[in-house]
Amino acid sequence: MDISQTFSGSFIPYIRPDVIIFPMINTNGESQLYPISRMEVYTRLLKQTVLSADSIVSRNQITALEKLVKQTVGFEFLSGRDIYENPKKVISLIYQISSQDENHKKDKI
């Protein structure tokens, strides 16, 4: 099945992700977003990956995960009930943390 014919404009041949978000349900409060280290991102992704029995393929899988982690920033997202009322809050939370990170980088220069 050619998905681009069924859903025109839906096929994206290439994308470079910038952010990895690990969602968690937070039933006791508002939604929150916390940055996590690259090592933690790598560990979480590795736990979710079924490595191939073929050593060459599994090495390629590990290499792809390493590349992905190096080019992204990771977050743990505690999803509260408020996110259902205002889904754009996720973007706002990411923007706030990104702004703090940029300011921190500028302070080091």
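The figures here come from the full heavy-atom set of this structure, side chains too, leaving out hydrogens, waters and symmetry mates.
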With [X], which residues qualify under salt bridge (Lys or Arg N to Asp or Glu O under 4.0 Å), at least two apart?
X: Glu66; value: none
X: Arg81; value: none
X: Asp54; value: none

*Nearest heavy-atom pair of Pro17 and Leu68: which atoms, and what distance?*
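Closest heavy-atom pair between Pro17 and Leu68: CG-CD1, 3.5 Å.
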With sequence neighbours excluded, tell me which residues meet side chain to side chain donor-acceptor pair (under 3.5 Å) with [X].
X: Arg59; answer: none
X: Gln71; answer: none
X: Ser79; answer: none
X: Asn60; answer: none

*Are Tyr34 and Val73 in one and the same hydrophobic cluster, where Ile, Leu, Val, Met, Phe, Trp and Tyr link if side-chain heavy atoms are under 4.5 Å apart?*
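Shared cluster, no.
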*Is Val69 reachable from Val19 through a run of hydrophobic residues whose side-chain heavy atoms are each under 4.5 Å from the next?*
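Shared cluster, no.
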*Can you list every salt bridge (Lys or Arg N to Asp or Glu O under 4.0 Å) pair that touches residues 20-31, not counting sequence neighbours?*
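Every pair satisfying salt bridge (Lys or Arg N to Asp or Glu O under 4.0 Å) with a residue in residues 20-31: Glu30-Lys89.
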By side chain to side chain contact (heavy atoms under 4.5 Å, CB included), which residues pair with [X], not counting sequence neighbours?
X: Ser37; result: Met39, Glu40
X: Phe22; result: Ile20, Ile36, Val41, Arg44, Leu45, Gln48
X: Gln61; result: Thr49, Leu51, Ser52, Val57, Ser58

*From Lys70 atom NZ to Tyr42 atom OH, the distance as rounded to the nearest 0.5 Å*: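 Reported to 0.5 Å precision, the distance equals 10.0 Å.
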*Approximate separation, where rounding is to 0.5 Å, of Thr72 OG1 and Arg16 CZ*: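 Thr72 OG1 to Arg16 CZ: 8.5 Å, rounded to 0.5 Å.
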*Given the rule in the side-chain contact (heavy atoms from CB on, under 4.5 Å) test, do Leu33 and Leu78 qualify, once you have shown the distances and angles that lead to the verdict?*
CA-CA 6 Å; Leu33 194 66; Leu78 299 177; over 6 Å; no
_Sidechain-backbone polar pair: Asn26 side chain, Ser31 backbone, donor-acceptor under 3.5 Å_ =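 Answer holds: no.
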